[in-house]
Asks: 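First, the structure itself, so that you have it in front of you.
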Amino acid sequence: MMTSNQTKRLVIVSNRVATPKKKSASAGGLAVGILAALEEHGGVWFGWNGNLTSSSEPGAPQVVKKGNIEYATISLNEDDYEHYYNGYSNRVLWPVCHYLLDFIQYDSANFDGYRRVNAQFARKLASLLKPDDIIWVHDYHLIPLAAELRDAGIENPIGFFLHVPFPCYEAFRAVPGHEYLLRALCAYDVIGFHTHRDLAAFESCIREPIVGAEIDDDHVIRMPGGSLVADVFPIGVDVEGIAALSREAAELKRVKKMVKSLGGRNLIIGVDRLDYSKGLMQRFLSFERLLQRYPNAQKNVTLMQIAPPTRTGVRTYDEIRAELEQVSGRINGRFSTTDWVPIRYLNKGVARQPLMGMFRNAKVGLVTPIRDGMNLVAKEYVAAQDPDDPGVLVLSSLAGAACELTEAIIVNPHDRDNVADGIAAALNMPLEERKERNAALVKTLRKNDITAWRTRFVDALLRKS
Ligand code: GDG
């Protein structure tokens, strides 16, 4: 049996490639995860370079090599991008995968654009492939890619990993064209999800009489003309790398200045792309509840929320940004004193190393999405702690990470009292308990780290070759 230690070229495909020049600014779990996996293993990263053109067909891929990674990128036509990315991927697939059916804005022109761009990706990628390559496709933007590659005569093993939750059939069937998506998924050899819940949801769709498949006990899905493996591969982080980065970051001027500015108060930190799935509105309101229910906290805590904007130009994203500005302003107006502002709300990103240093200095990591595939921030926060004096993770039960990080304080993000009580419990937790919980969490992080994620997935793919 072949394993990933054997030297086949790994070709990773994602909507957007974080090219070496742009990667430091990348705020997004997919890019962080792929880059960490590729830096270790080497290979090709294929996808869109972020440039828009007026020509209807993108030119040949541009290839740039840095270290052991080849970045192969294409531009996209402006209208195609609007239909495929903003239109279908982010106004239909993203909301349905996060069970937010009211946010779906379907338009058949967007669905056509989605299929058109996937066909373009397949044509451009096919021109780069070698017979021995293994292909690993990432996320909901590229569901039809394997079917398109097969149509182009590509026979290499092709895997698909979904970074967001997979919806159960009752939600999935709300999407016009869901039968097409399900059939397209069945063109892959391996499909990976973060949690057993997502796998079970996918299987609930497979059991419907759409693709005519049967599910074996060993995660194999059999259908007329072939089979695929669908399994759980929880994404992880580079535990030692983050620990080292956060230790060194303590010496950064920027981190020291931030700590000094707290004036001895406890820091509660939230770091999320500005996205409605991250539950930021509910988080601010829960923090307000903390200040009401625990008047002592008014003198003792500061919430720092870092929220770099994403998908600007999509109406729901612009709206949530305006709402968050309004509610954080209201809470600050209500509770601020002449020497304290309760919420520091940054509508911008922070570079990775100081960010890890801020995690290490935060008494509480507040990660309360209303739905999340995994949530890497939760794992990074744990890995960045000082094992001799660790902070406490307060984690939403609706994040995929809650399936693994059971020693966190688990809260329901829709219940403000529950979140406020969870934060208060974290702030008051004795040192011994904090150390025990952190040690148990780090053990889990080590077991399912970024190397395990990549190795297990690639091995599953190689077994299909
Ligand atoms: C998707 C799924 C799944 C964020 N702000 C800054 C910054 N970040 C980095 C974090 C973390 C990443 O971005 C965010 O990852 P998450 O996993 O939390 O969330 P998504 O972006 O929604 O990722 C998610 C993930 O894919 C992986 O499969 O876990 O469920 O939605 O690494 O640290 N990094 C820097 N500055 C910021 O301001 N440097």
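Every number for a ligand or one of its atoms is a count from 1 in the order of the listing. When reading the values below, keep in mind they use all heavy atoms of this one structure, side chains included, and skip hydrogens, waters and symmetry mates.
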Asks: Quick check on contacts: which atoms of ligand 1 are under 4.0 angstrom from a heavy atom of Pro308?
Replies: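 Near Pro308, meaning under 4.0 Å from one of its heavy atoms, ligand 1 has 5 (N), 38 (O).
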Asks: Specify side chain, backbone, both or neither for Ser277, according to which of its non-hydrogen atoms lie closer than 4.0 Å to ligand 1.
Replies: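 Under 4.0 Å from ligand 1, Ser277 contributes no heavy atoms.
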Asks: Heavy atom under 4.0 Å from ligand 1: found in Leu355's side chain, backbone, both, or neither?
Replies: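 It is the side chain that touches ligand 1; the backbone stays farther off.
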Asks: Near His194, which atoms of ligand 1 are under 4.0 Å from a heavy atom of that residue?
Replies: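 Ligand 1 atoms under the 4.0 Å threshold to His194: 3 (C), 28 (O).
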Asks: Under the side chain to side chain donor-acceptor pair (under 3.5 Å) rule, what pairs show up with a residue in residues 370-379, not counting sequence neighbours?
Replies: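 Side chain to side chain donor-acceptor pair (under 3.5 Å) check on residues 370-379 returns Lys278-Asp372, Asp372-Asn375, Lys379-Glu404.
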Asks: Going by the atom numbers of ligand 1, which of them fall below 4.0 Å from some non-hydrogen atom of Gly373?
Replies: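 Those of ligand 1 that fall under 4.0 Å from Gly373 are 30 (O).
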Asks: Report yes if Val350 has an N/O atom closer than 3.5 Å to an N/O atom of ligand 1; otherwise report no.
Replies: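 Yes, there is a polar N/O contact under 3.5 Å.
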Asks: With only distance considered, is Gly349 within less than 3.5 Å of ligand 1 through an N or O on each side?
Replies: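 It does not: no N or O of Gly349 is found under 3.5 Å from an N or O of ligand 1.
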Asks: Is the shortest N/O to N/O distance between Glu380 and ligand 1 below 3.5 Å?
Replies: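 Between Glu380 and ligand 1, an N or O pair is found under 3.5 Å apart.
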Asks: Would Glu240 and Arg446 pass as an ion pair if we require N to O under 4.0 Å?
Replies: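 Salt bridge between Glu240 and Arg446, a charged N being under 4.0 Å from a carboxylate O: yes.
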Asks: According to ring pair (Phe, Tyr, Trp, His ring centres under 6.0 Å), who are the partners of Tyr140, at least two apart in sequence or on a separate chain?
Replies: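 Testing Tyr140 for ring pair (Phe, Tyr, Trp, His ring centres under 6.0 Å), a comparison that skips the adjacent residues, returns Trp94.
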Asks: Any side-chain to backbone donor/acceptor pair from Ser204 onto Tyr169? Under 3.5 Å, distance only.
Replies: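 A pair under 3.5 Å: yes.
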Asks: With a cut-off of 4.0 Å, which atoms of ligand 1 are near a heavy atom of Arg273?
Replies: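 It comes down to these atoms of ligand 1: 20 (P), 21 (O), 22 (O).
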Asks: Evaluate Asp272 against Gln305 for side chain to side chain donor-acceptor pair (under 3.5 Å), listing each step before the verdict.
Replies: CA-CA 8 Å; Asp272 310 76; Gln305 177 61 53; 2.9 Å; yes
Asks: Short list, please: which atoms of ligand 1 are under 4.0 Å from a heavy atom of Arg352?
Replies: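 Counting from 1, the qualifying ligand atoms are 32 (O), 33 (O), 39 (N).
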Asks: Charged N to carboxylate O under 4.0 angstrom, Glu179 versus Arg183?
Replies: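 Answer for the salt bridge query: no.
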Asks: Asp272 versus ligand 1: do any nitrogen or oxygen atoms come within less than 3.5 Å of each other?
Replies: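 Looking only at distances, the answer is no, because the N/O contact criterion of under 3.5 Å is not met.
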Asks: Output the list of atoms in ligand 1 that are nearer than 4.0 Å to some heavy atom of Ile306, sorted by atom number.
Replies: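 Close to Ile306: 38 (O).
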Asks: Against heavy atoms of Asp372, which atoms of ligand 1 measure under 4.0 Å?
Replies: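 Result: 2 (C), 24 (C), 30 (O), 31 (O).
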Asks: State the atoms of ligand 1, each with its element, that fall below the 4.0 Å cut-off from a heavy-atom position in Val271.
Replies: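 Counting atoms of ligand 1 from 1, those under 4.0 Å from Val271 are 4 (C), 5 (N), 6 (C).
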Asks: So for atom CZ, which belongs to Arg344, do other residues, nucleotides or ligands contribute more than 12 heavy atoms lying within a distance under 6.0 Å?
Replies: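 More than 12 heavy atoms, drawn from other residues, nucleotides or ligands, come within 6.0 Å of this atom.
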Asks: Does ligand 1 come near enough to Leu376 that some N or O of the ligand is less than 3.5 Å from an N or O of the residue?
Replies: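 Yes; the residue has a nitrogen or oxygen that sits under 3.5 Å from a nitrogen or oxygen of the ligand.
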Asks: Would you please say whether a donor-acceptor pair under 3.5 Å links the side chains of Trp48 and Ser75?
Replies: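 Their side chains do not contain a donor-acceptor pair, so the 3.5 Å distance test is not met.
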Asks: Assess whether atom NZ of Lys65 is packed by more than 12 heavy atoms of other residues, nucleotides or ligands within 6.0 Å.
Replies: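 Yes, because the 6.0 Å sphere around NZ of Lys65 holds more than 12 heavy atoms from other groups.
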Asks: Ring of Phe111, cation from Arg115 - is the NZ or CZ under 6.0 Å from the centre and inside 45° of the axis?
Replies: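 Verdict for Phe111: a cation-pi partner in Arg115.
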Asks: Could you pull out, from His163, Lys278, His98, the option with a heavy atom nearest to atom 2 (C) of ligand 1?
Replies: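 When every heavy atom of His163, Lys278, His98 is considered, His163 comes closest to atom 2 (C) of ligand 1.
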